[in-house]
Structure formats: structure tokens, C-alpha cells
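Side-chain atoms are counted along with the backbone in the values below, which use heavy atoms only and exclude waters and symmetry mates.
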Amino acid sequence: MDLALLRTFVTVHRAGSFTRAAALLGLSQPAVTSQIRTLERQLGRPLFLRQARGVTPTTIGDELAHKAAPHLDALVEIAETGLDDESSLRTLHLAGPPEFTAERALPALTELTGEDGQGFALRASFGNAEETLEGLAAGHHDLAISTARPRGALLTATPLCDEVHVLVASPHRAEQIIGSGLLRRKGAHALEDVPVVEVHESLPFVSRYWASVFDSRPAAPGTVIVPDLRAVLACAAAGAGLAVLPRYLCAEALERGDVVALHHPAVPPLRTYFLVVRTGTLAMPHVARAHDWLLRAADDWG
């Protein structure tokens, strides 16, 4: 079986589209279509079902991808690192949410970037869960940190850690809310007129907190929307409004008194982070070492 055909097939399987696969491979779409048809003729079975948007793998297609992809990735790794230059560092491509990756993952992994014979070079990129998993499946990343568990057999996810969410505001706003006793008596209704600081217009963190703790939806719209939780913390501390933040991100601000926790539910909302790789790539030493190192580091994150 032609390895070039298999490479094209795996790229289409990961991209979910002939058009995206063609762009990744630097080929024309007709060339990709022709290669997939050739492979299907050789196997005597259809590998994809054509949909209005992209393609969906058949059962045979999924089985072939599961078997072939790890070996193709290993061949690419050999081709990129070479066989003779043992002194060159392999490169680990990591992707994840900007705040968690910057505050947790990167400081831990930089300990592995030395030249001890087992180290690696590190390249990081940021994105939401959908972007990160799509890039991992397409081969742009080696290791991803995601708040969504991927479906299917192409990607393998391992729980990394849980983060506790905290409802916070500046001391001045907290005094107004807590001091009045309204939050204790009325719950979420006491917060209906309090401005909200969030990362998106859909209020993902506040909505999740309200649903979990108050069994309701937030009434106030977002007053300040900034696409980074560190900026959300800064705005909340400056008095712009209440915010829901991961405890790891605001723990020092809480200790200093820059922000105050408005509520202490018996069961605080949690969100799980997953370490995700393409199935089979943990056979690559630098990917496996980074994967294991992050799992061990998470034990100390609490």
C-alpha cells in the first residue's frame, strides 16, 4: 500500500474535509479526491461518506486511521529529527487555553527543555477547546490541554486536574453585596443588577456557576468582555463587576485582598482539564515524557 495514499487518507480523516486536507498537504482538492478514490479501490471498501460539509469516516475508515495514524506519525518524527544528529533537540508542540497553559503547564514543562539528552525544544500555541483539538487531530500539535473530552478513537484523553470556580468581586463591591445580607437571603436574585466581567458575550463561566450553584441563569448582561481570564481578574479587582474565575488564577489576589469571594457553596463548581494526544503518539519519547511530567506536576497543583 502506497504510504503517500495513507498520509493523504489520515490527513483527510483528521481534517474532516477534502478541502482542509488539501490545504494542509499543499495539494489541490481534485488530487486529494483522486488519491482517496485510489485507496478505496485498492481496499475495495468506501472510507468516507460525503456530507454537505466535509466527510464522515466509515467504520472501515475509522479502523484504518486507528491502525495507520500512529505509524505514520512515527515516520514523520523520524524524518523530522533525522537518524544521525543525536545532539539535536526534538520539538514538542503544545496547545491549550492561554491562562492555564501560561500559569500551569509551561512553567512545569520548561524544566524539561534542557540539553540533558532527554530534553526537547518547546513551542506553544493558545486556543479554545475546539480549535486546540482540531489542530491536534490535524497534526499541528503533539500534546493538547483541553476542557472538552474528545470523541472517537483518533484522540486519547487523560484527566489532568480539576479547577474550582470562585465568584469574586472587588472589596468595595463585595461590601455592598455581602454587607447588605441580600446574597444570603435572596441568592442569585441579589446579583441581578451587579455588572458582570466575562470572557465572552455568552457568559460561559458565570452561566455555569449560576446553573450549578443557584439553579438559574444570570440576569445581568456582560458589562466588560475580555478574552482572557487574567484580564477578567484585573477588571474585577478594579471594581468593574463580579466575575467567576478558577481558584488557581485568583488565589493570590484573594490572599492579598484584591478581590473577595462572594459565595462559598458547599459543592463548588468544577471543570476538568484533559491531556490529549493522537492515539499512538505516546510511543514517541518526548511526547510521553511531557505527558507524564504534567500528570505528576498536577498532583502539586491542588
Side-chain angles (χ1 to χ4, degrees), residues 2-37 39-40 47-58 60-81 90-98 100-101 105 120-158 273-284 286-288 290-291:
D2 191 336
L3 287 178
L5 297 183
L6 277 177
R7 179 170 178 258
T8 298
F9 159 73
V10 170
T11 304
V12 172
H13 189 276
R14 287 171 171 169
S17 160
F18 285 176
T19 301
R20 288 197 293 271
L24 290 169
L25 293 166
L27 300 173
S28 67
Q29 184 173 335
V32 170
T33 302
S34 175
Q35 289 188 25
I36 294 301
R37 286 175 177 170
L39 187 57
E40 288 177 328
L47 297 172
F48 297 103
L49 300 176
R50 279 65 171 177
Q51 307 288 345
R53 294 184 177 182
V55 294
T56 301
T58 62
I60 296 298
D62 271 334
E63 183 179 348
L64 179 60
H66 183 70
K67 291 180 178 179
H71 300 290
L72 285 170
D73 288 334
L75 289 173
V76 170
E77 177 73 10
I78 292 172
E80 289 182 348
T81 59
R90 293 187 175 186
T91 299
L92 178 80
H93 295 271
L94 173 72
F100 186 88
T101 306
F120 49 74
L122 181 61
R123 302 291 184 271
S125 59
F126 300 145
N128 60 35
E130 182 179 357
E131 294 166 344
T132 296
L133 294 179
E134 185 175 296
L136 178 66
H140 299 313
H141 319 306
D142 301 312
L143 182 63
I145 299 170
S146 172
T147 54
R149 183 190 288 271
R151 298 179 180 179
L154 190 63
L155 300 178
T156 300
T158 304
Y273 285 98
F274 298 92
L275 273 183
V276 191
V277 296
R278 290 186 301 281
T279 299
T281 56
L282 286 179
M284 299 179 183
H286 69 305
V287 177
H291 188 275

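Rounded to the nearest 0.5 angstrom, Leu94 CG and Ser125 OG are separated by 7.5 Å. Distance check, rounded to the nearest 0.5 Å: OG1 of Thr281 to NE2 of His291 gives 8.5 Å. Atoms OG1 and CZ, from Thr156 and Arg149 in turn, are 10.5 Å apart once rounded to the nearest 0.5 Å. Atom-to-atom distance recorded for Leu133:CG and Phe274:CZ is 10.5 Å, nearest 0.5 angstrom. A distance of 10.5 Å separates CG of Leu6 from NE2 of His71, quoted to the nearest 0.5 Å. Separation of atoms CZ (Arg90) and CE (Met284) is listed at 8.0 Å; rounding is to 0.5 Å.
In this structure, Phe48 and Phe18 have perpendicular ring planes: the angle between them is above 60°, well past the 30° mark.
A distance-only check finds a donor-acceptor pair linking the side chain of Arg14 to the backbone of Ala137 [under 3.5 Å]. Checked by atom type and distance alone, the side chain of Arg278 pairs as donor or acceptor with a backbone atom of Leu136 at under 3.5 Å. The main-chain N or O of Pro97 is found under 3.5 Å from a side-chain atom of Thr101 such that the two form a donor-acceptor pair.
The minimum heavy-atom distance between Ala21 and Val12, with the atom names listed, is CB-CG2, 3.5 Å. When all heavy atoms are compared, the tightest approach of Thr147 to Tyr273 is CG2-CE2, 3.4 Å. What you find for Thr132 and Ala144 is that their closest heavy atoms are CG2-CB, 3.3 Å. Across all their heavy atoms, Ala69 and Val10 have their closest contact at CB-CG1, 4.0 Å.
Residues passing the salt bridge (charged side-chain N to carboxylate O under 4.0 Å, His left out) test with Glu131, sequence neighbours excluded: none. Partners of Arg50 under the salt bridge (charged side-chain N to carboxylate O under 4.0 Å, His left out) rule, at least two apart in sequence or in another chain, are Glu40. Residues passing the side-chain contact (heavy atoms from CB on, under 4.5 Å) test with Ala290, sequence neighbours excluded: Leu92, Leu109, Phe120, Leu143.
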- [ ] Evaluate the criterion side-chain contact (heavy atoms from CB on, under 4.5 Å) for residue pair Leu39 and Asp2; output intermediate values, then yes/no.
- [x] CA-CA 8 Å; Leu39 187 57; Asp2 191 336; over 6 Å; no

TODO: Might you work through the side-chain contact (heavy atoms from CB on, under 4.5 Å) test for Val277 and Thr158, ending with a clear yes or no?
DONE: CA-CA 9 Å; Val277 296; Thr158 304; over 6 Å; no

Task: Residues Ile145, Leu275; criterion side-chain contact (heavy atoms from CB on, under 4.5 Å); working and verdict - done: CA-CA 5 Å; Ile145 299 170; Leu275 273 183; 3.8 Å; yes

Open item on the list: side-chain contact (heavy atoms from CB on, under 4.5 Å), that's the test. Do His13 and Asp62 meet it? Break it down for me.
Closed with: CA-CA 8 Å; His13 189 276; Asp62 271 334; 2.7 Å; yes

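The environment of Gln51 atom CD is dense: over 12 non-hydrogen atoms of other residues, nucleotides or ligands sit within 6.0 angstrom. Within a 6.0 Å sphere centred on NE2 of His93, heavy atoms belonging to other residues, nucleotides or ligands number more than 12.
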